[in-house]
4 protein chains.
Amino acid sequence: MATRREQAEWRREQLLDAALRVFAAKGVDGASVKDLADAAGVTAGLLYRYFDSKEALVETVLRERGFLSQLRELLTADRSGLPAREVLAELLAAFDGLLAGNAELVAVFFSATRARAALAELTGEGQRLIGAFLADRVAAGELPPHDTGTAARTLFAAVAVGRATGSPIDVPALVGLIYPT
Amino acid sequence: MATRREQAEWRREQLLDAALRVFAAKGVDGASVKDLADAAGVTAGLLYRYFDSKEALVETVLRERGFLSQLRELLTADRSGLPAREVLAELLAAFDGLLAGNAELVAVFFSATRARAALAELTGEGQRLIGAFLADRVAAGELPPHDTGTAARTLFAAVAVGRATGSPIDVPALVGLIYPT
Amino acid sequence: MATRREQAEWRREQLLDAALRVFAAKGVDGASVKDLADAAGVTAGLLYRYFDSKEALVETVLRERGFLSQLRELLTADRSGLPAREVLAELLAAFDGLLAGNAELVAVFFSATRARAALAELTGEGQRLIGAFLADRVAAGELPPHDTGTAARTLFAAVAVGRATGSPIDVPALVGLIYPT
Amino acid sequence: MATRREQAEWRREQLLDAALRVFAAKGVDGASVKDLADAAGVTAGLLYRYFDSKEALVETVLRERGFLSQLRELLTADRSGLPAREVLAELLAAFDGLLAGNAELVAVFFSATRARAALAELTGEGQRLIGAFLADRVAAGELPPHDTGTAARTLFAAVAVGRATGSPIDVPALVGLIYPT
DNA sequence: AATGAATGAGGATTCATTCAT
DNA sequence: AATGAATGAATCCTCATTCAT
């Protein structure tokens, strides 16, 4: 049987789980406290015994359900003996898996379906066009054969994330990285 | 003197400008109709003479202030005579400039300051750690000397955007792209 | 060709006509000034050149489209030479026709479909039950054969209108009127 | 001390009472949710814990404060042993009392003071004129002495209610009913 | 005479939050 | 620990009305 302390802890976790789910589905602003409480099968009032405010709940979800610590652990594991390319592939795959496993949290970063859709359209279009250009030049023998789709996506993503996070990437260095002269 | 038609058109543009500004600053949900009206120096009621609802205003901003058409134009311009690397650099720089010039709209894609901060922290941390790893291996002579900072950011961005947009990237292909064997 | 004065008069009448129609359809409160203007094919602003306010328009409709004057004319016509029953029948038929011809105005007296429906249900039920009672007693030979349906409706209406208008009817007198002892 | 359930039930009734009062005084459309809340001494928000919308509140008032069931009970009580005229008088008196006791609900059926006033004027005028005519003919010896005031009101009410409820009365039958040949 | 841009007050409704039970 | 009644502020939106053109 659970002690008072354990039961409280359990409830807290349950509330955070429910909150993450609801936030991902409806967005932080779109989720009402009632929505959050309903999803956890409790009353709105009860939320306030565990969190000071909706805002505090949001922060806690972001902090405790965030995967920054997992990411750090992942990236700092000792891999000294292995070849760099192998390590890198494994590392990125692990990061990719981390994001996949936290799809809901990733969703929380985007306001609404609206914005998500617009973003998808934008990136899709951009990657397609850049990819076509690259394929063209490969066909023309100017660029060596390579996975132009992945290249297009990579280039596009690097630039976009640079701007989205407020620290733009060095474009010539980016191009030189993938297509050294 | 402006005709009525012109003045109405001007007002419409002004409302869209103000809306973009406010949406970028407070997020779509965080911006009240009053905020939007205040920013334009008009009454909330007037917004409804120009847009059917707040939702309609959001859509119009996204559509009319979106840069998808600019992006498309940019990417499809004829550049047949020039060397691929040069074109690519120019192209990505133009895209980068497009994003930079539309920083506010980019901001609209992210729900709130909150999420933006979390995202920045996440990407910063990830890039730093990957960068350190790469620098290490370069120092060890395993990888050829290269801009490891840019490489780290690029790899990270490619994976993250893949997940954020719902179409994950092919990680081995990504690694092979930058570090061919 | 119409003079300025005539054209203004014509517009005024048109506005009143439209208003009566809209008031009847949506109720006085349910009709917005825009509704009224739309129905007349003009702008809301124009209404204010003809009527001081929506309230004034309502009053004018009630006054100028009211049928009190018609009713008075109807009832005061000289009919001295004719038999009373005949005159009465003709008179009531004329009144009935007046109401029928002003169905829209009659509708204005009732707030909404809601109330109208409730009223219809109430009166329907009441009349049915009283009618059944009367038919029963006629069958039992206690009352002389007569149109019990009409009697029921009449009795019911007399009582209801008495209360609705705030001056109750004298019930024993009412019964004595139709069923003299 | 009242249990929570009881207290909630009491509050619900109180809200309905207040609503009936306010609706009667201001009309359904004329009463704002704040008016309704104020009349009950609570906040507007609280109304929404008890009723889904203002519309739902209106319907509930009409249903739960309606007197259709009372009317039915009244009219279907067993009175087989008593003389018809007596029963009828008693019945109508009871109905009249029912309406008197539910004056507020009766008022809800009429949109506004405005309409009520117009209606009163109309019926008053009509009854007066018909009454004068009847008195005339009684004085002339053409009609037997009778309560011409009540007769006028009855005739008028029967015709008016017929039109108001959309099922017109049979005028010759009506006349024949009161003035048989 | 007529328009339509603009306002300001008010409307219904939602929601985060508090508190007695 | 948990409920649910209650609040008050804020939200989106409508509307009667005014006024420059």
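A, B, ... follow the sequence lines: proteins, then strands. Residue 1 opens every chain.
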Send over the distance from Leu36(B) CG to dA10(F) C1', rounded to a whole Å. 15 Å
The side chain of Val42(B) is closest to which nucleotide in this list: dT7(E), dA1(F), dT7(F)? dT7(E)
Is a donor on one side and an acceptor on the other found under 3.5 Å between the side chain of Lys54(C) and the backbone of Val28(C)? yes
Looking only at side-chain atoms of Arg49(A), point me to the closest of dG8(E), dA16(F), dA2(F). dA2(F)
Using a heavy-atom cut-off of 4.0 Å across all strands, would you classify Ala31(B) as base, sugar-phosphate, or nothing? sugar-phosphate
Judged by each residue's nearest nucleotide on DNA chain E, which is more toward the 5′ side, Gly30(D) or Ala8(B)? Ala8(B)
Any luck finding a side-chain donor-acceptor pair between Gln14(B) and Arg11(B) under 3.5 Å? yes
Is any side-chain N or O of Gln7(B) closer than 4.0 Å to OP1 or OP2 of dA6(E)? yes
To the side chain of Ser53(D), which of dC13(F), dA6(E), dT13(E) is closest? dT13(E)
When the distance from CZ of Arg12(A) to C1' of dA1(F) is rounded to whole Å, what number comes out? 16 Å
Choosing from dC12(F), dC15(E), dG8(F), which nucleotide comes nearest the side chain of Thr43(D)? dG8(F)
5' precedence on DNA chain E between Gly45(C) and Gly45(B) (nearest-nucleotide basis): Gly45(C)
Taking atom P of dA5(E) as reference, at what distance in whole Å does atom CG of Leu47(B) sit? 14 Å
Heavy-atom count check: over 12 atoms from other residues, nucleotides or ligands less than 6.0 Å from Asp38(C) CG? yes
For Tyr50(D), which contact category applies under a 4.0 Å heavy-atom criterion: base, sugar-phosphate, or nothing? sugar-phosphate
Shortest non-hydrogen pair, Leu105(C) vs Gly66(C), comes out as CD2-CA, 3.4 Å
Length of the line joining Asp29(A):CG and dC12(F):C1', which is rounded to integer Å: 15 Å
Along DNA chain F (nearest heavy atom to each residue), the more 5'-positioned of Lys54(C) and Ala44(A): Ala44(A)
By the Watson-Crick or G-U definition, both distances under 3.5 Å, dA1(F) is matched with none
I need the CZ-P distance between Arg4(B) and dA20(F), as an integer number of Å. 12 Å
Side-chain touch Tyr48(A)/Val33(A), heavy atoms, less than 4.5 angstrom: yes
Quick one: is Lys34(C) getting a side-chain N or O under 4.0 Å of the dC15(F) phosphate, OP1 or OP2? no
Rounding to a whole Å, what distance do you find between Leu57(A):CG and dT17(E):P? 10 Å
Between P on dA1(E) and CZ on Arg5(C), what's the gap in Å once rounded to a whole number? 11 Å
If you check the Arg11(A) side chain, which of dT7(F), dA2(F), dT3(E) turns out closest? dA2(F)
Side-chain contact check for Tyr48(B): nearest option of dT14(F), dT3(F), dG4(E) is dT14(F)
If you look at every heavy atom in Gly30(D) and Asp29(C), which pair is closest and at what distance? N-OD2, 4.4 Å
Check every atom of dA12(E), dA20(F), dA6(F) against the side chain of Val33(D) and return the nucleotide holding the closest atom. dA12(E)
In whole Å, what is the span from the CG atom of Asp35(C) to the C1' atom of dA16(F)? 12 Å
My understanding is that a pair needs two contacts under 3.5 Å, Watson-Crick or G-U wobble. By that rule, which nucleotide pairs with dA6(E)? dT17(F)
